[in-house]
Amino acid sequence: MAGLPGTARARSASPGSYPVLDGSFLLSPLGGLMCVQAVLGLLVWSLIAATTYHLHAAYGWVMFVSLFFWILTLLFFVTYLLQLHQKFYMIPWPLVLMIYNAVATVLYLTAFVTCSAAVQPTSWRQWDYNRRAAASVSTGGQGGPRGWGSHHAHTWDVLLFQFFACVTMITYGVSTFFSFRAWKGLGSNAATSQVTDHA
C-alpha cells in the first residue's frame, strides 16, 4: 500500500524472527511526518511544562493531549520502524493509523482552540503582580519583584506552545490524509498490494 513501506512486499517475517529496521519507512511520507510529530509534540509538552499549567485547566488539557499523543506517536513509530506491524498482520494497521491520526487531529484542534480561548491579555498583568507579590512575601521582601522579564518569558512560552500545537495539529491532519490513501490502497496496484503468506 502506498505510504506504508513493508506492506507492499510479501511478508517474510516469521513470528519467531527478530525485528529488522525498515529504513525505507523513514523516507516515506508517514515516517517523516511521524518524526516531525515526535519533535513538535516534545516541544509542545516541554513548553507547557515550563509554565504554570496546573493553575489553568485549559493548559492541563493541552498538556494531556500533547503528552498522550507524543507517547503514542513514538510507539507507532517504533512499531513501523522495527516492522512489528508485520508480525501482527491480523490487525488492520492502515485503518488503525488513519483513525489514530484523525483522532489526534481533532483532539489537537480542541486543545489549540481551548488554549487560545483561555488566554486573556488583560489577566497577565494581574497574574504577574500576584505571582511577584507571593515571591516577595516568601523571600521576606529581600528578593524584590522579578520584573517584566518573567512576564514576557511566560507570555512567549504560552504563544510558542500554542503555535507548535497548531503546527502539530496540521501535521496530524496531513498524516490522516496519507493514512487514508494507504488504507484505501491509492497509489498501488493490485499485484503489489496482495499478501502472499501469513507465516
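These figures come from a predicted structure and were not determined experimentally.
Across all their heavy atoms, Q83 and D22 have their closest contact at NE2-CB, 3.1 Å. The shortest non-hydrogen separation linking W45 to S66 is CB-OG, 3.3 Å. Among all heavy-atom pairs drawn from G41 and Y108, the shortest one is CA-OH, 4.1 Å.
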Q: Please lay out, stage by stage, how L74 and V78 fare under the test side-chain contact (heavy atoms from CB on, under 4.5 Å).
A: CA-CA 6 Å; L74 289 179; V78 169; 5.5 Å; no
Q: Please lay out, stage by stage, how T110 and W61 fare under the test side-chain contact (heavy atoms from CB on, under 4.5 Å).
A: CA-CA 9 Å; T110 63; W61 171 246; 3.4 Å; yes
**Q.** V62 and T114: CA distance, side-chain angles, deciding distance, side-chain contact (heavy atoms from CB on, under 4.5 Å) verdict
**A.** CA-CA 8 Å; V62 179; T114 302; 5.6 Å; no
Q: Any chance you could lay out the side-chain contact (heavy atoms from CB on, under 4.5 Å) test for L26 and F77, step after step, and finish with the verdict?
A: CA-CA 9 Å; L26 291 175; F77 181 74; 3.3 Å; yes
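Taken from NZ in K87 to CG in L82, the straight-line distance is 10.0 Å, to the nearest 0.5 Å. S46 contributes atom OG, which lies 8.5 Å from atom CE of M63 (distance to the nearest 0.5 angstrom). Between atom CZ of residue F180 and atom CG of residue L95 there is a gap of 11.0 Å, rounded to the nearest 0.5 Å. For the atom pair CZ (F69) and OG1 (T105), the distance works out to 8.5 Å, reported to the nearest 0.5 Å. Atom CG in L33 sits 10.0 Å away from atom CG in L40 (nearest 0.5 Å). The CG atom of L30 sits 10.5 Å away from atom CZ of F177, with the distance rounded to the nearest 0.5 Å.
No single ILVMFWY cluster, assembled from side-chain heavy atoms under 4.5 Å apart, contains both V20 and L27. Transitive grouping of hydrophobic side chains (ILVMFWY, heavy atoms separated by less than 4.5 Å) keeps M169 and V106 in distinct clusters. The hydrophobic cluster containing M90 also contains I99, counting ILVMFWY residues as joined when their side-chain heavy atoms lie under 4.5 angstrom apart, directly or transitively. Cluster annotation: L75 is connected to F88 through the hydrophobic network of ILVMFWY side chains, with a link wherever side-chain heavy atoms come within less than 4.5 Å.
Under the rule for a ring-ring contact (aromatic ring centres under 6.0 Å, His included), F164 has no partner lying at least two apart in sequence or in another chain. Judged as a side-chain hydrogen bond (donor to acceptor under 3.5 Å, both in side chains), and not counting sequence neighbours, T171 has no contacts.
Residues L97 and M34 meet the side-chain proximity criterion, which asks for heavy atoms closer than 4.5 Å. Between F112 and T168 there is no side-chain heavy-atom pair separated by less than 4.5 Å.
Q37 and S175 share a side-chain donor-acceptor pair at under 3.5 Å. Remark: the Y100 side chain and the T73 side chain contain an N/O donor-acceptor pair separated by less than 3.5 Å.
Using a distance-only test at 3.5 Å, with no hydrogens or angles considered, no donor-acceptor pair links the side chain of W93 to the main chain of W183. Between the side chain of T176 and the backbone N or O of N101, at least one donor-acceptor pair lies under 3.5 Å.
Below 30°, between 30° and 60°, or above 60°: for H85 and Y80 the angle between ring planes is between 30° and 60°, a tilted geometry.
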